[in-house]
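Everything on this sheet refers to the single structure shown next.
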Amino acid sequence: MAELQTIRLHVNGHVHTCSVPPRLHLVDMLRDELGLKGSHLGCEHGVCGACTVEVDGRAVRGCLTLAVQADGKQVRTVEGLADFPDARALQESFIKHNALQCGFCTPGMLLAARELIQHKPDATREEVREWMSGNYCRCTGYHAIVDAVCEVLAQRHQESAA
Amino acid sequence: MKSPEFDYIKVRTIEHALSLLANHGDEARVLAGGQSLLPALNMRLSEPSLLIDIGGIDALRGIQVTQNALRIGALTTHTDIENSALVAQHAPLLKLAVGHIAHRAIRNSGTWGGSIANADPAAEWPCCLLALDGTVIAQGPQGERRIAAADFFTGLYTTELADDEILLACDIPLAQRDDWFGFQELARRHGDYAIAGLAMHLHFAGPVVQSARLSWLGLNSTTLRSRQTEALLVGKPLDAVTLELVAASLREELDPIADLTNTGATKKHLATVLARRLLTQANATRQSVAA
Amino acid sequence: MSITIDKAPAKLHDLTQDPRYIGHSPERPSARRLVQGQGCYVDDIELPRMTHVVFWRSPVAHCRITGINAEFAKRMPGVVLVADGPMLAKICKPWVATLGHLAGMKSAPQYPLAIERACWQGEPVVAIVAETRAQAEDAMAYLQVSWELLPAAVDMETALHPDTPVIHPELGDNLCFTRSLDSGGVDEAFARADHVVSTTFEFGRHTGVTLEPRCQIADWRSAEQRLTVYHSQQAPHMMQDLYARQFSIAESAVRVICKDVGGSFGIKVHAYPDDFATVALSMMLGRPVKFVADRLESFTSDIHARHHLVKARIAVRNDGEILAFEMDDLTGIGPFSMFPRTSAIEGNQVVNLVGGPYKHQHYRAKLDVVFQNKTPTCQYRGVGHPVACAITEGLVDMAARAINMDPMEIRLRNVIPDDAYPCSGISGVKFEGLSHQACLAKLEELMDYKALRAEQAALREKGIYRGIGIAALIELTNPSAAFYGVGGARIASQDGATARFDPNGGITVLVSVGEQGQGTEAIYTQIAADAVGVDMAQVRVVTGDTEVTPYGGGTWASRGAGIGGEAVLLAGEALRANILKVAAVILKRDAQDLDIHRGDVIDIASRDVLTPLTEIGRVAYFRSDTLPNDFTPELQVTRHYAQRDFPFIFTNGVQASYVEVDPDTGFVKLLKHWAVEDCGRVINPQLVNEQIRGAIVQGIGGAMLEECLYDSQGLMLNANMADYLVPMCAEMPDIEVAHIETPTKSSKLGAKGAGEAGTAGAPAAVMNAINDALHPLNAQVTSQPFTPEKILTALGRV
């Protein structure tokens, strides 16, 4: 039996100290140890994006990150987005455009989109499509998701122009 | 699936990593970004007993210009490369290629060294390193050594890196005036491993090619150059005649392996298309530079 | 010839007094919690003492199991049970998936875990149950299963050859179902034609890839002898019936609960051997057992669909009149027909639907459905429609090219006119009222067809090859019992809604149709709010619990809006009437003079507010002492609805695709897509648009990217997310949607279904666009998915 590792990390602004087996993925730790069920498992090979969470300000695949690798780091999941105006703007835009149906891909989409609006504020519609193409959605066909993200980009442009 | 069990050590020094590798041999795996290792573990294709996490070794991070090279540390993430002004200036080929690597979330974790050491035949960094005549810097029990890219990639997921060595960084010759870089790959979906891809480095003397590197991904078990075709380009302008000769030479020289939905013949055809397109682009750039 | 619609289509009549929500797109009630990660999917649920199951599945297409040694696996940490087929067969009956109305259909008995013989790569054979998922997987490495390879039938084209192994010798051959249809006069019609175009269409086998994999928790409580199953499923009552039946327990002892489902699309409407195995294991253990299909195992254990090889031809005259269609469809399924809806329905629908939009009078079709040692197949979004539409619309475009006629023109000449209804199609399908002409006219306007043709021509001069493809479609929705019930399947075609008025003025509506993301609960909220006369915020919809809701059919065949919605409307109206009866008594007024308006009881004539509903609630529930002895408020009403006017209520639509083909690489760029859809009364335009968009992209997946690839031994080569290509955002086009509304008279609501039509038309539209682009280069492709290699081969470049 592998030796458990004690890790200490911030999740959504709270400190957690956990004792975890090395093989435990970050997303499984969040879901099973901390009860944060908002991040989902869709493939466990890093392709579908349903497990996307934020570590030290960057979107990562929760299934391709070991919990032990997050030791000492700041983790943010969909449950911790309410504190941030940019994330809330995305959430409202998703609702407005019905950019979600079953909701399973949505947390991952929001995390991915948030990094886009932070790092690529001038993204064109095509660039938005390209950026979001790391997150699989079977329900929406993507059009509404792209609309939702583009609307937030446009809003932020207006706000910074004003 | 869930990964099988393994022990885990986060090392602080390269020396510690090396001693663990020496002790555990092929029972141990080095963990950098984990974007290739973890899928293999999750699919239970790989069952190491120990993971050596080198992610905390800051000496392996960073991009700097040395005397005559751009040195990129092994733990530099793909996103770091994407954002680097030094890369944009001194190794623009990497900037052209980086957007094709998977997707943002993977790029935020995946590393330069990890990709090169893994040597996936369709990965972008091995192909670019080869096109740039880069050098791998490795460290083992015997100390540091330098391995030319042309010697480094030997087979499917196989490199010159010994089991008891760690890749520290790679040096890339700085881009010169009269250099031209091009990168194009064909994938049915953005971010997928490409059906065929080409990294091109040309050095011009006036309108004429002085040296050429055509480095391919996705065609065979490893990245490779089409050296005959490279030689053919030397001393030639990039006119229609040359482009025809290049296509014919590639058809002879390349011997791609089929994948799930593309025969070798299809890959060969696509390779000639890529070469034609990049050479046409290069020519257009040269004309506008000359004009 | 063109059709112009002179006036704007008549607005549909209002269904209620104060139509605030029906026909509009208010915020979907469940969206807010889902964007906050507050969904409740099966894997989010944890029960005390819950265990996890993983299955050892056959690694080969066909083998005899010669030995199972679980000795070491059992000793692995956390393992509580290892079980095989014979153990489960003691408590779970086998099943045979046939339907009585598919004459001659045959299939062999199937068990939850294979006994003695595994018949497809992925068939579950052994179950390991452990405290955690990881422990069960660890133990799997120590399970020793010995097996002998058996010859396999893996090529559907040779499934019926004498040399091919017969998978179930007791059945005699590998033919599951065959059907022939002949309208008569077909040969004469072909003889009369000016042109006959023949071709072969291929459709690659593919699968659903729901983002949330199949999953359930089976919780057998031995003290109560009751089973509760939390299931990511579309038809909870059907599963309740099946569990009761297969395990010989009372129906009332079984409860199936469907909370949030992460996408289903038909993949989750079937009863899998895994489902029964998980329940059996819980019964054996007396503990909850959770099964979550891993993504890798999903590829070989989820149902596949749509593997067809079709020889087809069309007879056309120079003036554009289509005289006849003929087709011969071969489809390869798995070694068993899938339970309980059967694997013959898809092919059967292809026969029924080819030629659907058109008024030709001659049609001949043949269908062979053959068994193979591959993953079982069954209904997947659109079922046979994408295949039938591609055959039909592909032939129509080929006919147009043969006579040098514009593809829009040939369709306008041949679609059944909008004023011809009710009528039947030549295959026997009965149409209540369709709008092909109106849809085509609208499409032409929506996409600015003439401008696109001009753009295409201009770009061709520059060596850029763009194509426009059109596809007209019919789509069955709102099925009657003709679909399954008549065949003996206990699948309800009726549904019910219970509407309850709560003391504080809220309305709770329990409905037997649930949702998997399409917004069914949202439209029920809208309908109930309008029907009763309250704000949407006052309405709470409850679905997906067999213990709570009325008995019904669930989600499939695009029936949620039309059938469930009607039940909600009827229940809401009945509740309103009952509330007004109470109000009349309390206010000592005539109920006819009263109405409910936005939460208040009002005087109809003066519109004065007489009392808020909360006051009615207070008195009705808590002050029965103030009511006359002979009057009892009945503030909970249930209404059921079944569509019985037609076997199906057909919808119609038309799609267009605009593409650019790169003749050097064979790559296709999807520039834009349009859909005009007639699904009757649209309850929420935004939700219908989004259904259509998602369905179109799903259809594009099958047309361009998705295929289950096999080697010569029947092993799937690309059973992972990297090698099985699903549509991602970058390659998909923007999709513009418009509506025509021809309500059905079979219900008050007038709503038809909309969930699947997008998938039906997209592959045809894209195929036609690609071939339109390739036409000047004398190339054509008819084999889906349209890979770059296939296009390059057609062009003669490789």
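We name chains A, B, ... by the order of the sequence lines, and we start the count at 1 in each one.
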For the pair B:Thr261 and C:Glu707, evaluate side-chain contact (heavy atoms from CB on, under 4.5 Å) and give the outcome as yes or no after the intermediate values.
CA-CA 10 Å; B:Thr261 45; C:Glu707 187 172 10; 5.9 Å; no
Picking from B:Arg277, B:Lys2, B:Arg189, which has the most non-hydrogen pairs under 4.5 angstrom with chain C?
B:Arg189
Segment of [X] engaging chain C (4.5 angstrom heavy-atom cut-off):
{"X": "B:Asp192", "answer": "side chain"}
{"X": "B:Ala187", "answer": "backbone"}
{"X": "B:Leu260", "answer": "both"}
{"X": "B:Arg276", "answer": "neither"}
{"X": "B:Leu274", "answer": "neither"}

Can you confirm whether [X] sits close enough to [Y] that some side-chain heavy atom of one is under 4.5 Å from a side-chain heavy atom of the other?
{"X": "C:Met728", "Y": "B:His190", "result": "no"}
{"X": "B:Thr266", "Y": "C:Lys790", "result": "no"}
{"X": "B:Arg188", "Y": "C:Thr787", "result": "yes"}

Region of [X] in contact with chain B, defined by heavy-atom distances below 4.5 Å:
{"X": "C:Ala722", "answer": "backbone"}
{"X": "C:Glu731", "answer": "side chain"}
{"X": "C:Met721", "answer": "backbone"}

Within the 3.5 Å criterion, strictly below it, is a donor on C:Glu789 or B:Thr263 matched to an acceptor on the partner's side chain?
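Yes.
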Winner by heavy-atom pair count (cut-off under 4.5 Å) against chain B, out of C:Leu725, C:Leu792, C:Thr793, C:Thr132:
C:Leu725
I'd like to know which of C:Pro727, C:Ala730, C:Pro788, C:Pro785 tops the heavy-atom pair count under 4.5 Å against chain B.
C:Pro788
May I have the step-by-step check of side-chain contact (heavy atoms from CB on, under 4.5 Å) for C:Leu296 and B:Arg44, ending in yes or no?
CA-CA 11 Å; C:Leu296 298 178; B:Arg44 297 194 175 226; over 6 Å; no
How about B:Glu47: does its CD atom have over 12 heavy atoms from other parts shown lying under 6.0 Å from it?
yes
C:Val798 and its side-chain contact (heavy atoms from CB on, under 4.5 Å) partner, picked from B:Lys268, B:His269, B:Lys267
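For C:Val798, the side-chain contact (heavy atoms from CB on, under 4.5 Å) test succeeds with only one of B:Lys268, B:His269, B:Lys267, which is B:His269.
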Taking side-chain hydrogen bond (donor to acceptor under 3.5 Å, both in side chains) as the definition, give me every residue that meets it alongside B:Thr79, ordered by chain and number, with sequence neighbours left out.
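Applying side-chain hydrogen bond (donor to acceptor under 3.5 Å, both in side chains) to B:Thr79 gives B:Asn108.
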Using heavy atoms and a sub-4.5 Å threshold, report which of residues 658-667 of chain C line up against chain B, by residue number.
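Those residues of residues 658-667 of chain C which have a heavy atom under 4.5 Å from chain B are C:Asp662, C:Asp664, C:Thr665, C:Phe667.
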